Amino acid sequence: MAATSIWANKMRSFLTMLGIIIGISSVIVLVGIGEGTRKQVQNQIEKLGTNLITVNLTGRRNVGLSNSEIEELKTKPGIKSIAPSLQSSVNLKAGTKTYSTTLEASTPEYSEIRKINVSSGRFITKRDVENRYQVAIVGIDVANELYGTTNVVGQSMQVNGVSFTIIGVLEPQGSSMGGSGDDRIIVPLSTAQRLLKNTEIRTFYIEASSKDEVNNAKGYLELFLSKKFKNDTNSYRVFDQTSLLDTANETSKSMTMMLSGIAAISLIVGGIGIMNIMLVSVIERTREIGIRKAVGAKRRTILVQFLIESAGISCLGGIIGVLVGFLTAHGIKTLLKMPVSISGIVVVGSVTFSVVVGIIFGMYPASKASKLNPIDALRFE
Amino acid sequence: MEESECRALDNKEVNFMAEVFKNSEVIKMTGIGKTYKMGSSEYVALKNIDLTIHKSEFVAIIGPSGAGKTTLMNIIGCLDTPTQGEYILDGINTKCSDNKLAEIRNSKIGFIFQNYNLLPRLSIIENVELPLLYMNIASREIRERALEAIRKVGLEFHIKHKPTELSGGQMQRVAIARALVTKPQILLADEPTGALDSKTGKEILQILKDLNDEGNTIVLITHDMNIASEAKRIITIKDGEIISDVPNEKFYKGVSVCS
């Protein structure tokens with residue numbers, strides 16, 4: 001019965017559904033994007049290694065760990081290796097081409113700790129660091145920009161005017177938080193310290209010996225640093241991937257919440273559309289209601305009939321919305337190369353929500369229909 | 001010989017007849033009145049109606065427009081409730097809840113309207129099935145009973161059509177089938193021929209007469225004396241009161257009544 005009357009007013013039913021369709025599909029797409037981004041970030045963080053601990057020294061005074069302090073830390077239980085790191089932006093020049101990128105300076109341990117490998121050539125060795133060799137490993141973006149090829153091992157280039165030999169090319173990294181991993185060069189720490197006239201190292205990557213040792217190692221590092229900086233907890237930060245993961249999750253969760261909120265508002269607007277059209281429908285079908293009542297329909301029967309109809313419209317709208325959402329999400333995924341992840345809970349939840357919207361907003365028109373006086377309804381022209 | 005057949009009934013027979021007569025009461029109205037409130041003024045549509053209709057009667061209620069015919073029909077059909085008096089329909093007091101009234105309309109009354117009042121979106125068979133949907137019966141029986149009612153009005157070849165594809169007379173026959181399908185206590189026809197030409201009007205009246213011959217109780221509301229004259233009992237109302245209630249002489253000509 002509800003189906004026939006929805007079908008009889010195809011155009012109108014469709015326009016009524018449109019609000020719900022847009023609402024539901026935007027929920028699917030927006031939540032999908034939020035969820036997809038969250039998963040991608042999570043993946044990247046996990047790829048970096050869950051044993052990784054990062055120490056940032058942020059104090060204003062002349063800080064930094066001496067070589068002997070680093071060597072001392074390395075012997076502590078739970079700590080497997082330490083890679084000090086320096087970052088700076090530099091200008092590159094090869095032939096007539098110039099390019100500016102990020103320079104990252106470290107020691108051989110960096111490769112293992114940050115899970116970074118070369119696709120050709122080799123990484124920094126201990127000898128490079130000890131002898132301050134002017135060698136560099138370049139990301140593929142840098143290689144492409146300067147030489148138009150990734151086959152660049154043995155080429156030389158100028159970094160801030162100083163000549164460097166390229167000894168390796170990094171494996172493609174893809175973009176991650178904090179910029180592209182392909183758009184940088186890596187040089188030995190000691191070489192960079194001289195090049196940049198900077199001996200102050202503020203970042204250390206530390207690998208714990210196992211995942212279970214992360215907290216121990218972290219606790220030890222904090223103790224060590226608080227002693228060194230005389231309880232000034234503002235001058236250093238120690239964090240591991242779990243806290244990074246948590247932060248990323250929190251951020252994307254609140255983003256998803258916000259997106260769902262916007263989508264929920266559009267669903268409510270859609271619900272008001274349903275109420276509107278159902279009220280028109282009640283007036284239009286006054287006579288039908290009168291006839292049904294005259295032949296014995298009870299108030300409840302009429303109420304249920306109209307409720308089923310509005311719930312049907314919104315449910316159908318919800319289902320179409322899910323399909324549209326799926327297609328849009330797929331389009332975004334393939335065309336814009338954005339990560340989209342649609343979970344079953346969101347689909348079921350949004351269809352359920354749309355039915356609830358239909359029932360809530362259908363309640364008033366349905367109750368109005370059920371209370372019509374049959375005599376007046378029959379006389380209605 | 002005829003004289004000897006005409007004798008007074010004895011007590012036992014009188015009691016028996018009275019009992020039968022009483023049990024066959026379908027409509028019993030006592031002191032029915034209906035007053036409409038229009039702002040501060042009141043409009044009396046019906047006053048002090050006493051009316052009893054027995055099973056298998058064919059009653060025409062006639063009167064000029066504004067006399068209260070429609071109000072009376074609405075009350076008989078349980079579409080409206082009186083403001084005074086008592087109305088017993090088939091032994092049930094109609095002073096009851098909205099739901100109960102819907103049930104009474106469903107099972108005891110079959111409406112036949114001047115403008116047919118069919119649902120245009122439903123097919124003929126679906127229109128006839130409509131009252132049965134509000135009863136608690138199996139869908140197979142619904143179809144069977146609807147077909148039976150449609151056969152009775154001779155429209156079994158049109159069951160899949162929509163009402164708009166039919167002529168006025170055919171639509172009214174569908175309406176009669178819909179009224180019959182629940183096997184109601186009374187068929188309540190409000191100007192059933194009002195929208196039809198005289199020839200089809202006569203056909204519809206013939207159907208009603210045939211139904212009455214089969215034992216159905218029929219109450220016909222009209223303003224047309226020609227149509228009323230087909231009924232066996234004619235009640236005239238004017239200004240909300242019954243001014244006459246007589247058997248139709250046409251049917252009782254030549255019937256001698258013992259005095």
Side-chain angles (χ1 to χ4, degrees), chain A residues 1-14 16 277-278 280-310 312-313 316 363-381, chain B residues 34 36 45 70-81 96-123 126-137 146 149 162-163 174-175 177-182 184 188 190:
Chain A
M1 213 147 60
T4 37
S5 76
I6 291 174
W7 186 244
N9 291 309
K10 283 177 283 286
M11 191 61 187
R12 183 200 286 184
S13 302
F14 175 71
T16 314
I277 217 69
M278 289 305 289
V280 173
S281 168
V282 166
I283 291 168
E284 223 178 43
R285 287 155 70 190
T286 300
R287 200 178 175 81
E288 176 191 329
I289 296 163
I291 295 169
R292 287 181 186 274
K293 282 197 152 188
V295 301
K298 292 176 187 168
R299 269 188 192 184
R300 240 195 62 214
T301 328
I302 301 285
L303 186 85
V304 168
Q305 185 195 340
F306 276 84
L307 273 188
I308 288 176
E309 211 171 302
S310 61
I313 287 180
L316 203 59
M363 199 58 99
Y364 173 65
S367 109
K368 205 176 158 187
S370 74
K371 283 178 189 147
L372 278 178
N373 181 346
I375 305 169
D376 298 337
L378 280 173
R379 218 179 280 146
F380 185 84
E381 291 299 331
Chain B
K34 179 76 184 177
Y36 290 109
T70 307
T71 310
L72 182 59
M73 188 205 77
N74 286 340
I75 291 173
I76 292 173
C78 291
L79 287 169
D80 204 354
T81 47
C96 55
S97 73
D98 215 60
N99 265 349
K100 188 80 189 148
L101 281 181
E103 269 172 39
I104 293 172
R105 284 198 296 271
N106 187 215
S107 60
K108 305 222 176 276
I109 296 159
F111 285 100
I112 300 160
F113 298 99
Q114 175 174 9
N115 47 9
Y116 328 124
N117 275 340
L118 300 174
L119 294 183
R121 279 208 295 263
L122 302 186
S123 68
E126 285 168 333
N127 262 292
V128 176
E129 281 171 352
L130 194 63
L132 299 176
L133 295 181
Y134 300 120
M135 294 176 138
N136 249 337
I137 42 182
K162 293 280 158 75
V174 176
R178 182 181 66 188
L180 275 177
V181 77
T182 59
L188 201 53
D190 181 18

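Predicted, not measured: the structure shown is a model, and the values here were computed from it. Lettering follows sequence order; numbering is per chain, from 1. Values below: every heavy atom of this structure, side chains too, minus hydrogens, waters and symmetry copies.
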Neighbour count above 12 (heavy atom, 6.0 Å) for A/Arg12 CZ = yes
Give a yes or no on whether the backbone of A/Leu378 and the side-chain of A/Arg287 come within a donor-acceptor separation of less than 3.5 Å.
yes
Between [X] and chain A, with a heavy-atom cut-off of 4.5 Å, which part of the residue counts as in contact: side chain, backbone, both or neither?
{"X": "B/Asn117", "result": "both"}
{"X": "B/Leu118", "result": "backbone"}
{"X": "B/Asp80", "result": "both"}

Taking it one step at a time, do B/Asn99 and A/Arg299 satisfy side chain to side chain donor-acceptor pair (under 3.5 Å)? CA-CA 7 Å; B/Asn99 265 349; A/Arg299 269 188 192 184; over 6 Å; no
- Message: Quick test of your reading of the model: are B/Glu126 and B/Arg121 salt-bridged, counting only N-O distances below 4.0 Å?
- Response: no
